[in-house]
There are 2 protein chains.
Amino acid sequence: MSPLSTGVLGALDPTSDRAVFRQIADQLREAIDKGRFREGEKLPSEAELVEHYGVSRMTVRNSFSILQGEGLVHSEHGRGVFVRPRPPVRRLASDRFARRHREQGKSAFLVEADTVGSHPEVDSLQVKEERATPDVSARLGSVRRVLVRRRRYLLDGRPVEFATSYLPLDIARDTPIAQPNPGPGGIYRRLEELGHRLDHFEEEIKARMPSPDEVATLRLAAGVPVIHLIRTAYDTEGRAVEVCDTVMAADAYVLSYRLPAT
Amino acid sequence: MSPLSTGVLGALDPTSDRAVFRQIADQLREAIDKGRFREGEKLPSEAELVEHYGVSRMTVRNSFSILQGEGLVHSEHGRGVFVRPRPPVRRLASDRFARRHREQGKSAFLVEADTVGSHPEVDSLQVKEERATPDVSARLGSVRRVLVRRRRYLLDGRPVEFATSYLPLDIARDTPIAQPNPGPGGIYRRLEELGHRLDHFEEEIKARMPSPDEVATLRLAAGVPVIHLIRTAYDTEGRAVEVCDTVMAADAYVLSYRLPAT
DNA sequence: AAGTGGTCTAGACCACCTA
DNA sequence: AGGTGGTCTAGACCACTTG
C-alpha cells in the first residue's frame with residue numbers, strides 16, 4: 001500500500017495513438033524487463049494503478065491481461081499480481097536414447113532428475129488396449145489395435161509432461177510392456193529383449209497453445225505454450241515399433257539435437 | 001444478422017460455478033472443434049451473442065478473449081471474429097543441412113519452398129559487425145566481435161521466421177560471407193570453401209510466447225507462440241564457426257529430427 | 001476487517017469495413 | 001449508413017487471502 005510502489009512507472013502520453021491499456025502494459029513490461037520488479041515480486045495492485053494513472057479499473061485489468069498472455073505475470077486471487085518466476089528447466093539431450101542409457105537400470109526420466117537434484121514422480125499411469133487412431137495407425141504401418149501406455153511426469157511436484165505410447169499388439173501383448181511397471185530400463189529395453197533391436201527414432205516437434213484439458217493436466221499458467229512431440233521408434237528391420245505422443249509444458253523444457261553436416 | 005446464426009449454441013447453466021464468460025467460451029470452442037464453425041468462418045457477432053445469452057457485451061468480449069488466447073479465433077476490426085485458419089506448415093527435416101543440399105546452387109529455404117509450391121522471399125537483410133553478447137560469445141568460444149547477418153523469411157508474403165547468424169570475425173571478415181548475398185549454397189558452403197569443413201550442428205529448441213517486437217516482425221496472430229531455435233555449427237576440428245538464432249512462428253513449422261538408438 | 005483479484009452490468013464514443 | 005469490433009468509464013457484488 002506504499003505510495004512509492006508505483007514509483008518506477010511513468011505517466012501516460014495522452015497524445016499517443018496507442019491505447020491507454022497498452023501504454024500501461026508497456027510500462028509494466030519495461031519495468032519487469034529492466035528488473036525493477038524481480039521474479040516473484042508483487043506488482044502494484046489494481047487499485048494503486050487506477051490511482052496512479054487516473055483510469056478505470058477495467059483499463060488496468062486489460063493491461064494485466066496482456067502481460068498474462070505474454071506469460072510475464074500471473075495473478076493470485078486475493079493476493080496480487082506477480083512477476084512469473086522462470087521455472088527450472090529440463091534439458092533433453094540428443095543422446096538421451098543411447099543404448100548405454102537403456103542398459104542402466106532406471107528409466108531415463110528418473111536418472112536425469114537425480115542428476116539435477118529434482119524429485120521425480122510418475123503418476124496417472126494407465127495401460128490398456130485401444131483402437132489405433134488414423135494418425136497412430138499411419139505411423140505404425142496400418143495397425144488396427146494398439147497397446148496404450150499413458151503417464152504423467154512431475155518434477156518437484158510440478159507436472160511437466162504428459163506422454164502416451166502406442167505399440168502394436170502383436171509386439172506388446174502379454175509381455176512386460178503390458179505391465180504398469182515394465183521393469184528396469186523401460187519399454188525400450190524390453191523391446192530389445194523381445195528381439196526388436198532399436199535402430200533410430202524420429203521426432204516431430206510442434207509448439208502451440210494448450211487446450212483447456214492440457215492446462216488442467218499440466219497445471220499450466222496463462223501464457224505458457226506446450227511443445228507437442230511425436231516420436232516414432234524404428235527397429236533395425238525398419239519397422240515402426242512404438243509411437244510416443246508427448247505434450248510438455250514449454251517453460252520447463254529445452255530440447256537439444258545434434259545434426260550431421262554430411 | 002440472421003437469428004439462426006447462434007443456433008448451434010446452447011443455454012447457460014445458472015447453477016454452475018463456472019463463470020458465464022467461460023461457459024460461453026466453452027460452447028464456442030466446442031462448436032469450433034466439432035466443425036459447426038469452419039476455418040475462416042465468421043462467428044456470431046458480439047451483439048448477437050449479447051442477445052442470445054442475455055449478458056452484457058463485456059462478458060461476451062471476455063469469452064472471445066479466451067478463445068483468442070488459445071489461438072482458436074482472430075478478430076478483424078469492423079468485420080467480425082473468425083475461426084483462425086491453419087496456415088500451411090513448413091517441415092524442417094533433420095537432413096536439411098546435409099552436404100548434398102549445400103552442393104546444390106540455391107539456399108535451402110528457396111529450394112524447399114519451390115518443392116511445396118510456395119513463393120519464398122527474404123528481406124530485412126542486414127550485415128554488420130557487432131560486439132558479441134555473452135551468450136553468443138560463450139557458444140563461439142570467447143569471441144569478442146562477430147559478423148552479424150540478420151534476415152527475415154517469408155512464404156507467400158507471410159513472415160514465418162527471423163534469423164540472426166553470428167560468425168567470428170577472423171573467419172568471416174573480408175569474405176563473401178560478409179556480403180549481403182553470399183552466393184550459391186549459402187554461408188555454410190562458403191565456410192567449407194574457406195577451409196572450415198563442417199562436422200555437425202547442435203540445435204537448442206525452446207517455445208514461448210512472443211515479445212511485442214516479435215509479434216510485429218512476424219505479424220503473429222494472438223495465441224501463436226514462437227519456436228526459438230539456436231543452432232551452433234562445428235567444424236571438423238571441433239571449433240564453433242557459426243551461431244544462428246532463429247525465431248519462428250510456431251503455427252508455420254513442424255521440426256523433425258532423427259535420433260540414433262545406439 | 002481490509003485489501004486483493006474475479007466477475008458482471010449498462011452504458012458511451014470511436015475506428016474500421018461493407019454496401 | 002449501419003454493423004462490426006476497440007476502448008473506456010463508473011459503478012456493483014463476490015471470493016479469496018492476510019492480519
Side-chain angles (χ1 to χ4, degrees), chain A residues 1-3 5-6 12-26 28 37 40-69 72-84 215 221-223, chain B residues 1-6 12-26 28 37 40-69 72-84 212 215 221-223:
Chain A
M1 177 130 143
S2 139
S5 62
T6 53
L12 299 175
D13 175 3
T15 71
S16 166
D17 279 348
R18 193 151 176 86
V20 170
F21 75 94
R22 292 188 201 284
Q23 291 187 49
I24 296 176
D26 291 344
L28 290 169
F37 298 112
E41 195 174 336
K42 187 175 167 305
L43 296 181
S45 73
E46 294 178 355
E48 285 172 307
L49 291 171
V50 163
E51 166 83 10
H52 177 84
Y53 288 114
V55 297
S56 80
R57 192 173 156 220
M58 281 310 298
T59 302
V60 168
R61 282 183 62 78
N62 273 337
S63 310
F64 277 149
S65 144
I66 293 186
L67 300 180
Q68 208 160 98
L72 283 181
V73 306
H74 70 109
S75 58
E76 296 181 26
H77 195 170
R79 302 220 316 126
V81 176
F82 301 83
V83 179
R84 205 160 68 77
V215 168
Chain B
M1 164 107 157
S2 140
L4 295 181
S5 60
T6 53
L12 298 175
D13 174 3
T15 72
S16 166
D17 278 350
R18 193 151 176 84
V20 170
F21 76 94
R22 291 189 202 282
Q23 291 188 47
I24 296 176
D26 291 344
L28 291 169
F37 298 111
E41 195 174 335
K42 188 174 166 306
L43 296 181
S45 74
E46 294 179 356
E48 286 171 305
L49 291 171
V50 163
E51 166 84 11
H52 177 83
Y53 288 112
V55 297
S56 79
R57 191 172 158 222
M58 281 310 299
T59 301
V60 168
R61 282 181 63 77
N62 272 338
S63 311
F64 278 149
S65 145
I66 292 187
L67 300 179
Q68 211 161 97
L72 283 180
V73 306
H74 70 110
S75 57
E76 296 180 29
H77 197 170
R79 301 222 314 128
V81 177
F82 301 84
V83 179
R84 204 161 66 78
V215 168

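Here is the naming used below: chain letters follow the sequence lines, and residue numbers restart at 1 for every chain. Quick caveat: nothing in here was measured; it's all calculated off a predicted structure.
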*Starting at CD of E46(A) and ending at P of dT9(D), how long is that distance when rounded to a whole Å?*
14 Å
*Out of dG6(C), dC13(C), dT9(D), which has the shortest distance to the side chain of M58(A)?*
dT9(D)
_I'd like to know if the side chain of T59(B) reaches the main chain of F21(B), judged simply by a donor and an acceptor atom lying under 3.5 Å from each other, with no hydrogens or angles considered._
no
*asked:* If you define the side chain from C-beta out and look only at heavy atoms, does anything of P44(B) sit under 4.5 Å from H52(B)?
replied: no
_From CG of L12(A) over to P of dT7(D), roughly how many Å is that when rounded to an integer?_
15 Å
*Can you find a heavy atom in the side chain of R79(A) that is under 4.5 Å from one in the side chain of H77(A)?*
no
*Looking at every strand, decide which applies to R22(A) at a 4.0 Å heavy-atom threshold: base, sugar-phosphate, or nothing.*
sugar-phosphate
*At under 4.0 Å, does any side-chain N or O of S75(B) touch on OP1 or OP2 of dG6(D)?*
yes
*asked:* Rounded to whole Å, please give me the gap between CG in D17(B) and P in dC14(D).
replied: 15 Å
*asked:* Students often get this wrong, so: under 4.0 angstrom with heavy atoms, is F64(A) touching a base, only sugar-phosphate, or nothing?
replied: nothing
*What is the distance from CZ of R57(A) to C1' of dT7(C), rounded to the nearest Å?*
9 Å
_Spacing of I66(A) atom CD1 relative to dC8(D) atom C1', expressed in whole Å_ = 14 Å
*For R57(A), enumerate each residue passing the side chain to side chain contact (heavy atoms under 4.5 Å, CB included) test, keeping only those at least two apart in sequence or located in another chain.*
E46(A), V50(A), R61(A)
*What integer distance in Å separates K42(B):NZ from dT18(C):P?*
12 Å
Give me, pair by pair, the N or O atoms of the protein and of nucleotides 16-19 of chain D that are less than 3.5 Å apart, along with how far apart they are.
residue : atom : partner : partner atom : Å
dT18(D) : OP1  : R79(A)  : NH1          : 3.2

_Atom pair distance, as rounded to whole Å: CD in E51(B) and C1' in dA10(C)_ = 16 Å
*asked:* Let's go through I24(B) and L12(B) carefully: what are the C-alpha distance in whole Å and the side-chain angles of both, what is the deciding distance for side-chain contact (heavy atoms from CB on, under 4.5 Å) to 0.1 Å, and is it a yes or a no?
replied: CA-CA 8 Å; I24(B) 296 176; L12(B) 298 175; 3.8 Å; yes
_D13(A) bridged to R18(A) by N-O distance under 4.0 Å_ = no
*Does some side-chain heavy atom of F64(A) sit less than 4.5 Å from a side-chain heavy atom of L43(A)?*
yes
*Would you mind telling me which of dT4(C), dC13(C), dT4(D) lies closest to the side-chain atoms of A47(A)?*
dT4(C)
*Examine the base of dT7(D) for any acceptor or donor lying under 3.5 Å from a partner atom in the side chain of R61(B), and report the outcome as yes or no.*
no
*N or O in side chain of T59(A) less than 4.0 angstrom from dT9(D) OP1/OP2*: yes
*Just how far, in rounded Å, is C1' of dT9(C) from CZ of F21(B)?*
15 Å
_Nearest-nucleotide pick for A19(B), side chain only, options being dC8(D), dG6(C), dC8(C)_ = dC8(C)
